[in-house]
There are 2 protein chains.
Amino acid sequence: MKRIADSTVRRLSLYLRFLEDFEQRGLETISSDELAQRGGTTSAQVRKDLSFFGSFGKRGLGYSVPELSRRIREIIGLGREWRVIIVGAGKIGAALAQYQGFAQRGFHIVAVYDSSPEKIGRSWNSQTIRDIRQLEHDTAREKPDIAVLTVPSEAAQAMLDRIVKAGIKAVLNFAPVQLQAPPDVTVKSVNMAMELEGLSFALTNRD
Amino acid sequence: MKRIADSTVRRLSLYLRFLEDFEQRGLETISSDELAQRGGTTSAQVRKDLSFFGSFGKRGLGYSVPELSRRIREIIGLGREWRVIIVGAGKIGAALAQYQGFAQRGFHIVAVYDSSPEKIGRSWNSQTIRDIRQLEHDTAREKPDIAVLTVPSEAAQAMLDRIVKAGIKAVLNFAPVQLQAPPDVTVKSVNMAMELEGLSFALTNRD
DNA sequence: GCTAACTTGTGAACGAATTCACAAGCCCCC
DNA sequence: GGGGGCTTGTGAATTCGTTCACAAGTTAGC
Ligand SMILES: NC(=O)c1ccc[n+]([C@@H]2O[C@H](COP(=O)([O-])OP(=O)(O)OC[C@H]3O[C@@H](n4cnc5c(N)ncnc54)[C@H](O)[C@@H]3O)[C@@H](O)[C@H]2O)c1
Ligand SMILES: NC(=O)c1ccc[n+]([C@@H]2O[C@H](COP(=O)([O-])OP(=O)(O)OC[C@H]3O[C@@H](n4cnc5c(N)ncnc54)[C@H](O)[C@@H]3O)[C@@H](O)[C@H]2O)c1
């Protein structure tokens, strides 16, 4: 298959959100143009994005909302449940662990780890915080798919190495550092400081 | 001035992080190649990024670490302190309000707002949560530069409209919705669900 | 002062992503 | 069953971002 741009995947994700919204409101069909308007893009962009994966619409009519919804879910890989672990039970780990939005989309938190004796053993809605030393052992048994990394920056690379060694192939990192991982492991980073600096730049450089 | 790509600004932000690290370790100069290696890019990319703003290096030698550091800070607009408010004192708002990393880079949280009577009046390290009804009044007096939006999705667009009306020109949004704002207001969104779906796609579509 | 070894800064070439533009297909109505 | 009005799907054109490649400048050593 042709390589798909990251931006395309992000937009599919966005379209899916609108489709679910439309589905709930009982709408039957939608045009590329309506989808584009919601997403702040163009109808050609929507059609091109979809065309990488097949042709799902009817000329003259548009797309069937439930069908397109199903197809995009399939493309993104949301047809199954994903097992997620959180490494680092700090403030941001807490927010994520208690967030309902992830489970709704099939991302289930199956374990939370920390290294601090003060945290280990405490419970957060139905999850007991585990000792990070159990990571390798648990992973071998429970086979999580995705790790969310929310440890301090200094510990991030070392923990990523352990996560990778334990066999996990996808990581969402919140530490504001550039991480190194082998090519078969996908690492995405959420860097809020960088976003704020983007705002600073925009405020500073307006004409 | 020529329009600067978003990707360029993000990389400048990244370079700055490395430069600060080098500065701390007392290094005097650095080449575009060293910077590139840390950032996972190429030396040509580094030089091109910088060239949009001037020429800061010495041929044959490289860049002076403290000077380049200073220049990038200036470009991004970090030469001053930014006043930030948080709208929505929930779980993610709490994590952000208590995060030290922002203040270190000049982003100071000057107020936190919520609509819930249970939250209003409570204190989070030196910040008392204020009633959202004070937003317009406070903003007129305190002139914050940036708003961080951490309210539930349903409330996000309405709150953005109020923030915009109050005169704030930059917003960092955490609600997983597509927001509409006038062109003179910069809105950046952090959408974690989208990142997780990117990982799901990567895991699903490997060869 | 001259040469060798480096490294920057930048047009030009390239490649990727977006937008254009239109033929092909579908529906509805007369 | 034919025409008009819509909307898709997709090559071609365009725009945007990255990489190449090299002249120009700097330092150090002799
Ligand atoms: N809090 C925020 O709003 C925020 C925003 C942006 C980025 N971040 C980043 O997210 C990360 C976590 O931030 P936080 O505010 O939650 O910090 P925190 O200090 O509240 O939490 C970090 C947790 O990680 C645990 N930990 C440390 N080393 C560990 C290890 N080796 N293995 C397992 N657990 C370990 C600590 O015990 C602590 O519980 C940091 O890298 C921070 O820079 C946080
Ligand atoms: N918690 C997470 O990890 C996480 C992750 C991704 C995205 N988000 C998004 O971030 C947003 C906040 O999430 P959260 O988990 O902190 O939710 P939360 O329910 O803990 O917090 C939301 C807060 O906003 C307040 N609020 C509601 N309406 C308001 C209004 N009109 N004005 C001011 N305050 C108002 C509520 O009283 C509450 O305190 C949501 O949009 C959520 O989808 C959260």
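Residue numbers start from 1 in every chain, and the chains themselves are labelled A, B, ... in the order their sequence lines are given, proteins ahead of strands. Note that the coordinates shown come from a computational prediction; the quantities given were computed from them, not determined experimentally.
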* Ionic contact status for A:Arg105 with A:Glu20, cut-off 4.0 Å -> yes
* Asked: With a non-hydrogen cut-off below 4.0 angstrom, is A:Thr8 in contact with a base, only sugar-phosphate, or nothing?
  -> nothing
* Does the pair A:Asp21/A:Arg25 count as a salt bridge with the N-to-O cut at 4.0 Å? -> yes
* Atom of B:Gln98, atom of B:Gln100 and distance for their closest heavy-atom approach -> O-NE2, 3.2 Å
* Asked: Does a salt bridge link A:Arg70 with A:Glu23, judged by any charged N lying under 4.0 Å from a carboxylate O?
  -> no
* Structure fact -> In whole angstroms, the gap separating C1' of C:dT8 from NZ of B:Lys58 amounts to 12 Å
* **side-chain N/O B:Tyr63 vs C:dG9 OP1/OP2, d < 4.0 Å** => yes
* Asked: Checking side chain to side chain contact (heavy atoms under 4.5 Å, CB included) for the pair A:Ile4/B:Asn205: CA distance, chi angles, key distance, verdict?
  -> CA-CA 10 Å; A:Ile4 301 298; B:Asn205 304 60; over 6 Å; no
* Asked: If you find the nucleotide of DNA chain C closest to B:Gly60 and the one closest to B:Gly54, which residue's nucleotide is nearer the 5' end?
  -> B:Gly60
* To do: Round to a whole Å and report the spacing from CD of B:Glu67 to P of C:dT8.
  => 14 Å
* With DNA chain C as reference, determine whether A:Asp6 or A:Leu61 sits nearer its 5' end, using the nearest nucleotide of each. => A:Asp6
* Could you check which of C:dA17, C:dT10, C:dT18 has an atom nearest any side-chain atom of A:Arg11? => C:dT18
* Could you check how far CZ of A:Phe56 sits from C1' of D:dT8, rounded to whole Å? => 13 Å
* Structure fact -> Residues of residues 21-48 of chain B with a heavy atom under 4.0 Å from any atom of DNA chain C, listed by number, are B:Ser31, B:Ser32, B:Arg47, B:Lys48
* Should B:Glu34 and B:Arg38 count as an ion pair when the cut-off is N to O under 4.0 Å? -> no
* Could you give the CZ-to-P distance, from A:Phe52 to C:dA16, as a whole number of Å? -> 12 Å
* Between D:dT15 (P) and B:Ile4 (CD1): distance, integer Å -> 19 Å
* May I ask you to verify whether the side chain of B:Arg59 and the base of C:dT8 hold a donor-acceptor pair under 3.5 Å? => yes
* A:Asp49 CG to C:dA16 C1', straight-line distance once rounded to whole Å -> 14 Å
* Asked: If you check every side-chain atom of B:Ser7, which of C:dC26, D:dT26, D:dT18 has the closest atom?
  -> D:dT18
* To do: Look at B:Ser55 and C:dG9 and indicate whether a side-chain polar atom (N or O) is within less than 4.0 Å of OP1 or OP2.
  => yes
* Asked: Take atom CD in A:Glu136; do more than 12 heavy atoms of anything else shown fall under 6.0 Å from it?
  -> yes
